[in-house]
Amino acid sequence: MPELPEVETVVRGLQAHLPGRRIVEVRFGKTDFVIEPTAIAAGLAGRGISGVRRFGKFLLVECEAADSAGPRDAAAGAATKGAVEKDALLIHLGMTGQLTVSAASAPVAPHTHVFFALDDGRELRYTDIRRFGQMQLLRNGDRERVLGSLGLDPLEASEAEFTARVGERNARVKALLLDQHVLRGVGNIYADESLWRARVHPMRTGDSLRPEEMRALYRALQATLREAIRLRGSSVSDYVDAEGARGEFQLRHRVYQREGKKCFRCGAAIRRAIVAGRSSHFCPRCQRAPRKKRSLKKR
DNA sequence: CTTACGGCCTGGGTGC
DNA sequence: TGCACCCAGGCCGTAA
């Protein structure tokens, strides 16, 4: 399940292969998860790739300016196009999406639905068993419209920003961590792992966290994400990086998918419960449940 | 406005 | 061997 660390790992892998390459042709298999596939094919054929970046769980393949096919005066271009946003291909990997670079002659994995032929004889391929992913071409101005409402990147947010976002909300902290409009990039694995690390129960509300708990959660979230990036993400089902290799952070999971197993800190049996509509894994001893029912607002 | 919840998309894994 | 069912994450509609 690609979350921030997995997408970051894929992006870093793609950055080693794609910038400077040119997309020769785009071919599709199934397109029910693609917004305007014909626009993607027409818009990207012949375009050079200038960079790859992550935005939350989204991945952006950025194109060079459309008129860059021939020689041009860079200074003049900058002067006239200064406010123009680069076109970019926006990709969300959903649950089972994979982006890999391979030789065009390499065997095609099942459920591979998009092929970007590159000018060096290789292909960028999009494979997605469930097709819960998403792909669309962002033109000038689309970026703010599509991505503008997303929350802070958890690795860029200061402790004060994090506290302001989470600490004034009455919703369950698990729901807040998962809400992409609060923080962008956190999913079920890293929410559960961070809450365990911070010893905060997922059903606590944001505004019930004491300052030291809020600080612990902020630090736990960043430490967990950084370690997961270092270990190239969690491969619990289909996730692989741009080279097709699995990550290793799943070997460090302390609660996720460990229901019934012993807590690494205290030995109690890890529990699983549905919180915010999601499977949530926690230690019932280390992470104290809120005692009383939450008040339905002040009345 | 905020929060909670159910349904929908798809198909691999599981259990009978 | 087949087959019904569960579940995953994001998003959207609805209700309170």
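Quick note on labels: first sequence line is chain A, next is B, and so on, each numbered from 1. On a predicted model such as this, the values are computed, not experimentally measured, just so you know.
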Exercise. Do A:D179 and A:V186 have side chains that get closer than 4.5 Å, going by heavy atoms?
Worked result: no
Exercise. In whole angstrom, what separates A:D207's CG from B:dT2's P?
Worked result: 13 Å
Exercise. Is any side-chain N or O of A:R131 closer than 4.0 Å to OP1 or OP2 of B:dG12?
Worked result: no
Exercise. With sequence neighbours left out, what residues match A:Q287 under side-chain hydrogen bond (donor to acceptor under 3.5 Å, both in side chains)?
Worked result: none
Problem set entry | side chain to side chain contact (heavy atoms under 4.5 Å, CB included) partners for A:R219, two or more places apart | A:R215
Exercise. Starting at the 5' end of DNA chain B and moving along, which residue's nearest nucleotide shows up first, A:R169 or A:H111?
Worked result: A:R169
Exercise. In the hydrophobic clustering that connects Ile, Leu, Val, Met, Phe, Trp and Tyr at side-chain heavy-atom distances below 4.5 Å, which members other than A:V240 occupy its cluster, ordered by chain and number?
Worked result: none
Exercise. Atom CD of A:Q180 and atom P of C:dG9: how far apart are they, to the nearest Å?
Worked result: 12 Å
For this session: Specify the separation, in whole Å, of atom CG of A:D179 and atom C1' of B:dT2.
Result: 11 Å
Problem set entry | Length of the CD-P vector between A:Q134 and B:dC8, whole Å | 21 Å
Exercise. Is any side-chain heavy atom of A:C63 closer than 4.5 Å to a side-chain heavy atom of A:I49?
Worked result: no
Extract from the structure each pairing of a protein N or O with an N or O of nucleotides 3-8 of chain C at less than 3.5 Å, listing the distance.
unit_1	atom_1	unit_2	atom_2	d
C:dA8	OP1	A:S279	OG	2.7

Exercise. Whole-Å distance between C:dG9 C1' and A:E6 CD?
Worked result: 13 Å
Exercise. With sequence neighbours excluded, what pairs up with A:F264 under the side chain to side chain contact (heavy atoms under 4.5 Å, CB included) test?
Worked result: A:W196, A:R254, A:R258
Problem set entry | Distance, rounded to the nearest Å, where A:I35 contributes CD1 and C:dC11 contributes P | 11 Å
What donor-acceptor contacts under 3.5 angstrom involve side-chain atoms of residues 91-101 of chain A, with partners at least two apart or in another chain?
unit_1	atom_1	unit_2	atom_2	d
A:H92	ND1	A:G94	N	2.9
A:T96	OG1	A:D128	OD1	2.6
A:T96	OG1	A:I129	N	3.4
A:T96	OG1	A:R130	N	3.0
A:Q98	NE2	A:D238	O	2.5

Problem set entry | 5' precedence on DNA chain B between A:D32 and A:E168 (nearest-nucleotide basis) | A:E168
Exercise. Between A:M203 (CE) and B:dT3 (P), how many Å, whole number?
Worked result: 15 Å
For this session: Could you check how far CG of A:L177 sits from C1' of C:dG9, rounded to whole Å?
Result: 15 Å
